[in-house]
Each structure stands twice: as structure tokens, then as C-alpha cells.
Amino acid sequence: MPEPELTLELPDGSELSLDQGATGADAAAAIGAGLARAALAVKVDGELRDLGSPLRGGAKFEVVTKDSPEALDLVRHDAAHVLAEAVLELWPKAKISIGPPISDGFYYDIEFPDGEAPGPDDLAPIEEAMAAHIKADEPFERRELPAAEASELFRAQDQDYKVELIDDLVSDEGTETVSLYRNGEFEDLCRGPHGPSTGRIGAFKLTSLAGAYWRGDENRQMLTRVYGTAFHSKQDLKEHLRRIEEAKTRDHRRLGPELDLFSFREESPGMPFWLPNGTTLLRLIEGEVRQQLRSRGYAEIKTPQVLDEELWHRSGHWDNYRENMYFVEAAERESGGERRRFALKPMNCPGACLVYSSGRHSYRELPLRMAEFGLVSRYEREGVLHGLLRVRAFTQDDAHVYCTLEQVTDEVDSICEAIDELYARFGFDDVRVELSTRPEKSIGTDEEWERAEGSLREALERQGREFDLSPGEGTFYGPKIDFHITDALGRSWQCGTCQLDFQMPERFELSYTGADNADHRPVMLHRALLGSMERFAGILIEHHAGRFPLWLAPVQAIVLPVADRHNDYARRVAAELEAAGARSRVDERSESVGRKIRDAELSRAPFMLVVGDNEEGEGAVSVRSHEEGDLGAVPVAEFARSIAERVA
RNA sequence: GCCCGCCUAGCUCAACUGGCAGAGCACUUCACUUGUAAUGAAGAGGUUCCCGGUUCGAGUCCGGGGGCGGGCUCCA
């Protein structure tokens, strides 16, 4: 009688028969010795498992090697365990909490004894201890324990966070047994899976330290988070570190001052000062948005910066947004004897509603579209500010559309189209769309929210767009559609937004006269195409690494006189370029040509125009391109024309 | 707000354990008049982020404040 067998289905569709009780490692060995050596884990019916886990018949089976997409997370999770192992060796009294793999590395949150928290210099000794455990090639060994027993085990070691984790698993999920993984002397509570041994961690590095609240709750203990990253090979790690360096050289906070675009000052944290070059960039971006406004029937308005506090009570911002608002008071008492209190607008919508309600409206005017480049001020907690990407004052390319519920779908269509066109103009082609629904803190009835969410969803579905759903991420006054772009480094940024609002028209008692000569309530769409103009500028700076395409470059051409006697001619060239619509300036310093070229290159101007005796004699410029180097002499008029053509 | 680190000339950074605050770049002046990535010389430039303390003496040590940077669930 043959032994009973179990049969697995392999990725190529073939079948593999094994003895009962075979493990993942056995299966890998049966396929091939090389594969067995390369195996890190296995996938059974799509679920990642240890090599040592027993198999069941009929399952889809796959061996995970370092070429598998899941392998990196596995190795990083292994590295997190080794990190905890090393830390406990160096700080036996440390308490460990959780240590997951993350998108480009791993971390472990640890409570160090009072006064013993590591500084940046302490990372090297931890790395050394980790390297020793990796060299020792300690196998990962799994065992399962009843939850109560595991809880007792960790309690005996004073590992309070592990005890809390187990107790929560029992009470929240009814867990009865938990798994533990051991490597060397160290044993951690862990769901797994893990690779076969620590020696399979190809290359790792600890990258930084940070504070992190236990379970992300700011009322709880602050732990020390040790960040690291791990790869299969030293080359991969090196490449990763190189990419981080590359991102640093593109950092807009560094390029901004370097290219004279903007600067930050202590006198106004989180609020940028825009220099002439940066202001030019903002105007160019604004020009693109205005084109969308013109072609899509938007009128432009401008509303005040400072509005009576009462308005914000009416709008609901007082109850829902107060902690993010700035309040101001006049120096003098007004005639009533009171100092009137005002708020700096954190959003443009209440002002826009006042514009709407300052006249009567007919159904024939709808949809009524009003845009505003509105400067909004929002108090952001210190510590979250980040260059242009997280600020306390910024300009929204905002607009509000007043229409009927039936018109919403068409309006959303038009907004999506505008976003596609605008983003494409800036070179962003893949747009990710996200629909966010009712958050906990919100105003309005269930029925209104249902209708609002329904009509946005309908618009997206009608366009046949793919979108992600973010439950509970809507604004307090309505659901929204967000638009995300991906930059040259593969990072995703939320820019555009389209929000449906039944509340504001209600609160401001907005109305229009219908065909039936009765008053009706319009619905309101809030939308921004780029979101924050300044933030978008920051994204563009990093996307292009400061080397803007010709049409966006604040200075498109720098004219470089060879000697002082050519300055007059250089100025005439610049004037001719300006007349043709090109932005240029002249470097009139008494410096060598080499020097002027170097400085012009560093400023990343797309073109440098060298003018000396030869050029002046022929009415020409010698063109040097930032991208292509020396291009030779051309007549000034011809160069001016070619710039105009390339920008159009 | 909280954890860790940082703050010295406009910028980038020096100044051993507490002992006269420095360099390069930028700036100003002068000379050079330059042909595709840094011409030379001289000069000027400081409350060492702010307030307080320790000390004969503080950029340095201690306390408080400000600003900047990395972070603050991608859940065993």
C-alpha cells in the first residue's frame, strides 16, 4: 500500500505529490535543490507562510525567493527582530513594542530606561551587534502558546507592551493561541512569517531615530522609534541610499533659496517669502489655471482676508475648525464700545457665499461658477510644518459652483476634465482618484450625506474612471473627490479636490428663483485644481530638480557679454527677447566668461547667450543650452522666434 | 503639542578638556577686459538665536524660551 499523498498545484499549473506531513521546505526540495537553497518562505493559496509550516493537500503552492515581491518585507521583518535582539542585549531593561516592515525599510518602537535613550551616535554599536547576529546565522524558530501562557511569559520579562498586545488580541479578537519566533537568545511575539535564518538578511542599515507614541496615541507613552532598512544585496542598499541622496539634492527647501525662488524667515514660521523668480513661477502656474477658468465658464472674484467672527459661527467653522484658525482684533474699540473680533479666513467658501447672496439669482444663471485665488491662513501645529508642502498660509486655486443637484454630474465631469488637461500641461499624466465619505465630526443629516455621496460616485462611474474609496475621510460639510499625481521620484501628492456641499447653502440661506417663480436652494461644489499654488510650486521644483522646462523657467535666457564694452549690445538683445515674450536678464559683472557661464549654469537657466565682438558685428548671439551645451551662433531675431515657438 | 538632533558673518562650516571668535563663498573697492563651469588683490561684515544661571572667565556647562531638521500605527 502506498503512503497517503498530498498534492499541490504549482504556479506553472503542474502538480506536485508529496508525503503527508511534508513542509514548505520539503516541497521546495522536491522541485529542485537550487530552489530549496534560495527559498525564503512559501505561499500557500496566496498566503505567506514559513518554510517549516506543514502543507495541506490541494493548495496552490509557490516558493518565495528573493526575487518575489513579498521577499523584501520578509527580510525587513527579520531585520526588525534582529534589531530588537541587539537592543535588548545592549539595554537589557529596554521594553520592546512593535517592529513591522514598512514601505522602504522597517522600524522597532522601544521604551528605553530613563535617561538611556540612544542618540544618533548609538546607532553604530547597535548595527555592530546586529551584524554579529546576522553572521551567526541564527535560525528563526516558531512555536505556539496559549495566550495566557504567553502573556505570563512576557510579564515575567517585564515586557509590558507585549503583555498589552496579547491581552488586546484576546479581548478584541478572541485569540486563543499566539505564535512566538525565536532567533538566538531572543524570542518575540510575532504573527510571522519569517525567513529561515538571520543570515538571509543580505544588507541592512539603521537610518534614523524618532519619537513615536505607543499605538499612535498622543496621550500615551512616547517610545523611541529606531528606523532601518534592509535589502537582499549590498548593491540594492547602496542604490537605495543613492536615491535618498538624489532626493536631498532635489529638496525644494534647499533649491528654493539656491535658485532665489523663496525663503523662510523666523519672523513668520510656515509662511514663505516669495522672491522675484519664485513669484514669476507662481504667476506662470496661475496663468495655466486661468486658461481653464476662461474655457470653462468661470468668473473670477476676490473676497476679504479678514471676516467677522460671527460669520464663522454661521458657516460651522467655529464648531469644526476653530483650532486651526487665527483670530484678530482691531486696536481701537468700535462705537459700540466692543472690540470687534475677526478671523483670518482658513477657507474661501463663506466669503464666496456672501458674494452669491449679495444679489438675486435666477435658475437661468445656473450653474454659476465663481473662482478665487484666495489666500487662506490655517494654524498648523509647530512640528508638522514642512517647507512649502505644509504651511500656515497658502493660495488656493479655489472655485465654487452653485447649481442644482441634477447639474452636479456634468459639473464634476468638467472639473475632472480640467484637472486632466492642467496636470498634463505640467507633465503629470497618471492621476489617481479617491472618493472620501462622511467623517465622524460632520454636519448634516444621513439622508443628505447619502445623496451627496451618491451623486459624486455616479459622476465618477459615468466617466468610467477608476477610483479608490476612503471611508470617513470627507470634510465636515460634505463628501469629496481627491486627485493625486505621481512625481519623477515616484512619490504621490494630493492636489486637486472636488467637494459637494449641501450645508453651506443652507446655513447662508442661498436661493435662486426657479421657472415656477418660487425660491429654491442651490447645491454648492467646492473645487481646487492644484490645491495650494505654493505647494504645487514646491512639487514642481522637486519633480524637475530645479531644471524647469523652458516655458516655466523664471529666467529663460541669461545674456553674457564677453567684455564690458558688450554690455550695451547685451541689453539690446535682452530687450528684443523681452519684446518677443521671453524672460531674460544680463550678467553685467566684470567677470570672465567662464565665471559667468558657471553661475548661469548653477542658476539652471535653460539658455545662455554669449555676446562679444563677433556677435555684435552680425546681430547674433552664441547659444549655449543647459541641456545640450554650445549650439553656435544664430541671429537674435531667429533665437527670439525659436523661444516663442518652443513655449507656445 | 511630544521625542531625538541642530542653531557661530548673507551662505557653508571651523574654534582640543571652559581661556583674545576664524576660513571659503557671497558682498564692497581697485586692477584686469576676459570666448563656453570659479582672474587677482584689498576691505567691510558678529549681541556665537533670545533670556537667566554657574564661573576669575561661557560659542562651549545648567535652566527656560524661539526657530529649523527627522519623526509621532504602513499596528503581534
Side-chain angles (χ1 to χ4, degrees), chain A residues 73 76-77 80-81 84 96-109 111-112 117-123 147 150 154 159 161-170 172-173 175 178-181 188-192 207-227 248 251 253-254 257-258 263-270 323 380-387 560-567 589-603 608-615 622-626 629-633:
Chain A
D73 270 1
R76 288 168 177 173
H77 193 185
H81 277 238
I96 61 174
S97 63
I98 59 168
I102 53 174
S103 61
D104 49 22
F106 61 89
Y107 66 80
Y108 218 112
D109 282 349
E111 182 189 332
F112 287 87
D121 296 339
D122 299 313
L123 290 181
F154 284 109
Q159 288 296 354
Y161 297 105
K162 295 294 176 186
V163 173
E164 184 180 329
L165 285 169
I166 295 169
D167 292 351
D168 283 1
L169 281 170
V170 171
D172 297 349
E173 291 170 39
T175 305
V178 296
S179 55
L180 304 179
Y181 279 80
D188 197 359
L189 173 72
C190 182
R191 181 170 40 199
T207 48
S208 64
L209 292 163
Y213 297 102
W214 171 229
R215 302 202 145 171
D217 181 344
E218 58 188 274
N219 298 313
R220 304 201 61 179
Q221 178 70 37
M222 171 69 74
L223 307 174
T224 300
R225 176 168 295 181
V226 184
Y227 278 99
K248 271 191 204 159
D251 193 322
R253 290 167 302 176
R254 177 173 161 154
E258 211 172 293
S263 67
F264 282 94
R265 303 270 324 197
E266 280 192 18
E267 286 83 347
S268 189
E323 60 273 25
E380 300 282 356
R381 306 161 103 193
E382 52 206 278
V384 305
L385 301 176
H386 185 92
L560 309 178
V562 170
D564 291 350
R565 66 176 178 280
H566 307 118
N567 284 356
R589 295 174 303 166
S590 296
E591 288 290 349
S592 65
V593 173
R595 177 52 180 276
K596 291 178 187 174
I597 285 182
R598 178 183 155 80
D599 289 345
E601 287 285 2
L602 290 176
S603 80
M608 282 139 279
L609 307 176
V610 178
V611 295
D613 292 333
N614 304 338
E615 290 78 8
S622 281
V623 181
R624 178 188 167 107
S625 140
H626 181 74
D630 196 345
L631 299 178

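In the text below, chain A, chain B and the rest are named by the order of the sequence lines, each starting its count at 1. Treat the numbers as computed from the prediction; the structure is a model and nothing was measured.
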From the options D109(A), T207(A), L123(A), D122(A), select the one residue that forms a side chain to side chain contact (heavy atoms under 4.5 Å, CB included) with V226(A). L123(A)
Per side chain to side chain contact (heavy atoms under 4.5 Å, CB included), L223(A) is matched among F112(A), Y213(A), Y161(A), Y108(A) by Y161(A)
Which residue lies toward the 5' end of RNA chain B, P120(A) or D564(A), if each is placed at its nearest nucleotide?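 It is P120(A) whose nearest nucleotide is closer to the 5' end.
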Residue mapping more 5' on RNA chain B - nearest nucleotide basis, A212(A) or R589(A): R589(A)
Considering only atom [atom1], compute the distance from [N] to [M] and round it to an integer number of Å.
N: G45(B); M: G53(B); atom1: C1'; answer: 32 Å
N: A14(B); M: A23(B); atom1: C1'; answer: 7 Å
N: U54(B); M: G10(B); atom1: P; answer: 31 Å
N: C49(B); M: A44(B); atom1: P; answer: 24 Å
N: G43(B); M: G5(B); atom1: C1'; answer: 38 Å
N: G66(B); M: C51(B); atom1: P; answer: 15 Å
N: A15(B); M: U60(B); atom1: P; answer: 15 Å
N: C16(B); M: U12(B); atom1: C1'; answer: 23 Å

Base, sugar-phosphate, or nothing for [X], non-hydrogen atoms under 4.0 angstrom?
X: S590(A); value: base
X: D613(A); value: base
X: K596(A); value: nothing
X: E615(A); value: base
X: T207(A); value: nothing
X: I98(A); value: sugar-phosphate
X: R624(A); value: base
X: V562(A); value: base
X: Y227(A); value: sugar-phosphate
X: D109(A); value: nothing
X: P269(A); value: sugar-phosphate
X: G594(A); value: sugar-phosphate

Can you tell me if R220(A) has over 12 outside heavy atoms packed within less than 6.0 Å of its CZ? yes
Going by purine N1 to pyrimidine N3 plus the second Watson-Crick contact, or the G-U wobble pair, all under 3.5 Å, which nucleotide sits opposite [N]?
N: C6(B); result: G67(B)
N: U34(B); result: none
N: G22(B); result: C13(B)
N: C27(B); result: G43(B)
N: C74(B); result: none

Of all heavy-atom pairs between L209(A) and P118(A), which one has the smallest distance, and what is that distance?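 Closest approach of L209(A) to P118(A): CD1-O, 3.5 Å.
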Where M608(A) and A600(A) come nearest, the two heavy atoms and their spacing: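 Between these two residues, the closest heavy atoms are CG-CB, 3.4 Å.
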How many Å lie between [atom1] on [X] and [atom2] on [N], as a whole number?
X: L609(A); N: U36(B); atom1: CG; atom2: P; result: 16 Å
X: F112(A); N: C3(B); atom1: CZ; atom2: P; result: 16 Å
X: D599(A); N: C25(B); atom1: CG; atom2: C1'; result: 11 Å
X: E591(A); N: G40(B); atom1: CD; atom2: P; result: 9 Å
X: I597(A); N: A37(B); atom1: CD1; atom2: P; result: 6 Å
X: R254(A); N: G70(B); atom1: CZ; atom2: P; result: 13 Å
X: W214(A); N: C75(B); atom1: CH2; atom2: P; result: 13 Å
X: H566(A); N: U34(B); atom1: NE2; atom2: P; result: 8 Å

Does OP1 or OP2 of G70(B) have a side-chain N or O of R253(A) closer than 4.0 Å?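 Affirmative; the distance criterion is met.
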Establish, with yes or no, whether the OP1 or OP2 oxygen of A37(B) is under 4.0 angstrom from a side-chain nitrogen or oxygen of H626(A).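 Indeed not, no polar side-chain atom of H626(A) lies that close.
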Could you give the distance from CG (N219(A)) to CH2 (W214(A)), rounded to the nearest 0.5 Å?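 N219(A) CG to W214(A) CH2: 15.0 Å, rounded to 0.5 Å.
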Selection from [options] that lies nearest to any side-chain heavy atom of [X]:
X: R565(A); options: U33(B), G70(B), U73(B); value: U33(B)
X: E266(A); options: C2(B), U34(B), G66(B); value: G66(B)
X: A563(A); options: G35(B), U34(B), A37(B); value: U34(B)
X: Y107(A); options: U36(B), U73(B), U39(B); value: U73(B)
X: H386(A); options: G70(B), C2(B), C74(B); value: G70(B)
X: I102(A); options: C74(B), G70(B), A37(B); value: C74(B)
X: A210(A); options: A38(B), G71(B), U36(B); value: G71(B)
X: S622(A); options: G71(B), C72(B), G35(B); value: G35(B)

Looking only at N and O atoms, is any donor in the side chain of E267(A) or the base of G67(B) less than 3.5 Å from an acceptor on the other one? no
Should D104(A) and R76(A) count as an ion pair when the cut-off is N to O under 4.0 Å? no
Does a side-chain N-to-carboxylate-O contact under 4.0 Å join R253(A) and D251(A)?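 Yes, charged N to carboxylate O under 4.0 Å.
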Quick one: is the NZ or CZ of R225(A) closer than 6.0 Å to the six-membered ring centre of Y107(A), and within 45° of its axis?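 Yes.
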